[in-house]
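Atoms within a ligand are numbered from 1 in the order they appear, just like the ligands themselves.
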Amino acid sequence: MDIDLKGRSFLTLKDFSEKEINYLLTLASKLKQDKKECVYNYNLLNKNVALIFEKPSTRTRAAFAVAVADEGGHSEFLNSNDIQLGHKETIEDTARVLGRMFDGIEFRGFSQRNLEILAEYSKVPVWNGLTDEDHPTQVLADLLTIKEHFHKLKGIKFVYIGDGRNNVANALMIGASKVGMDFYVCAPKSLFPDEKLVAQCMEYAKESGAKIEISDSTDIVIGADVIYTDVWVSMGEEAKSKDRLELLKPYQVNEALMEKTGNKNAIFMHCLPAVRGNEVTHEVIESENSVVFDEAENRLHTIKAVMVATLGK
Ligand code: CP
Ligand code: NVA
């Protein structure tokens, strides 16, 4: 493929074409196979990567750290409480300093704007490990998991149910509309996705052939191939917990909802961490149709692909 992503940042899938996304998925599959066969490519040999976390993480942090190590590089975890990041010095200054020392920077935090500033001022590839608005590395893992399972993305009926305006829902709508997967949101009206983002994704969908539909009725799950949910209260929104739990109760993924799809081969997906008993029941997450741990593993291979493509030799 004539695709070169060297030097690019990975801030949102909005910046990537269908071809580029598919290139990253193909690379991730290859790197996954290589690891299974103990083939080491050392694509990040002598590269130093900073991992900045303003919010907690298990999967993203572990995936970045292991991916860098697998490729022969070094990663340094920088807890935002321990560094100056917008306190005492500007984000721009921190970015310029880190860019002089590190070859690439992962950032998980609140503000998408701060992520963009990091990329602009550090002048090295910056990778989005989750912001309030977006979670693009998660979506690559999700797309890879769906491709492994169904051997295609186009024509798949993907239903996201729950908080339809959080970072994961946004990122999935962007990713699905770019690659031509039919994307349905099932959420209470007050948690429908942002209209501007929907309009932007409709434009991507025109090009890729994807459908986008949004409804507050769970009837939208009928015929689904994939049922996906995420936590009802995202990091940083803890104050809204009580209201959210009430509002989202009818949108729990339980056995009745999975049956409502009418498709016994429909898979269950969740980015994790999951709050069992809230957005999903124990029975569904432990069922044969649940692929949540394949998704979690694929965080490693897809994050590795992003770093190798943008920074590798
Ligand atoms: N899915 C995900 O991003 O998990 P972590 O918050 O554990 O990184
Ligand atoms: N929407 C969740 C995703 C966690 C991976 C959050 O932001 O907390």
Before we go on, tell me: are the rings of Tyr184 and Phe158 under 6.0 Å apart, centre to centre?
no
Proximity of Phe53 and Phe77 rings by center, below 6.0 Å
yes
Protein contact to [atom] [nearest heavy atom, distance to 0.1 Å]:
atom	result
atom 2 (C) of ligand 1	Arg299 NH1, 3.2 Å
atom 7 (O) of ligand 1	Thr58 N, 2.7 Å
atom 4 (O) of ligand 1	Arg59 NE, 2.9 Å
atom 6 (O) of ligand 1	Arg108 NH1, 2.9 Å

[X] and [Y]: side chain donor to acceptor below 3.5 Å:
X	Y	result
Thr281	Arg276	no
Trp232	Ser241	no
Asp34	Asn41	yes
Gln112	Glu116	no
Lys260	Thr218	yes
Glu237	Asn166	no

Look at ligand 2 and say whether Thr60 reaches it with a heavy atom at a distance under 4.0 Å.
no
Between Phe16 and Phe10, how do the two ring planes meet: parallel, tilted or perpendicular, split at 30° and 60°?
tilted
Using a 4.0 Å cut-off to any heavy atom of Met235, which atoms of ligand 2 qualify?
6 (C), 7 (O), 8 (O)
Near Leu272 (heavy-atom distance under 4.0 Å), the atoms of ligand 2 are 5 (C)
Polar contacts were defined as any N/O atom of the residue lying under 3.5 Å from an N/O atom of the ligand; does this apply to [X] and ligand 2?
X	value
Val233	no
Ser234	yes
Asn167	yes
Asp230	yes

Using distance alone, determine whether Leu272 and ligand 1 share an N or O pair under 3.5 Å.
yes
May I ask you to check if ligand 1 and Pro56 share an N or O to N or O distance below 3.5 Å?
no
Near His135 (heavy-atom distance under 4.0 Å), the atoms of ligand 1 are 2 (C), 3 (O)
Verify, without hydrogens or angle tests, whether Asn289 (side chain) and Lys264 (backbone) share a donor-acceptor contact under 3.5 angstrom.
yes
Residue part near ligand 2, for Leu130, under 4.0 Å between non-hydrogen atoms
side chain
Taking non-hydrogen atoms only, is Val231 closer than 4.0 angstrom to ligand 2 via side chain, backbone, both or neither?
side chain
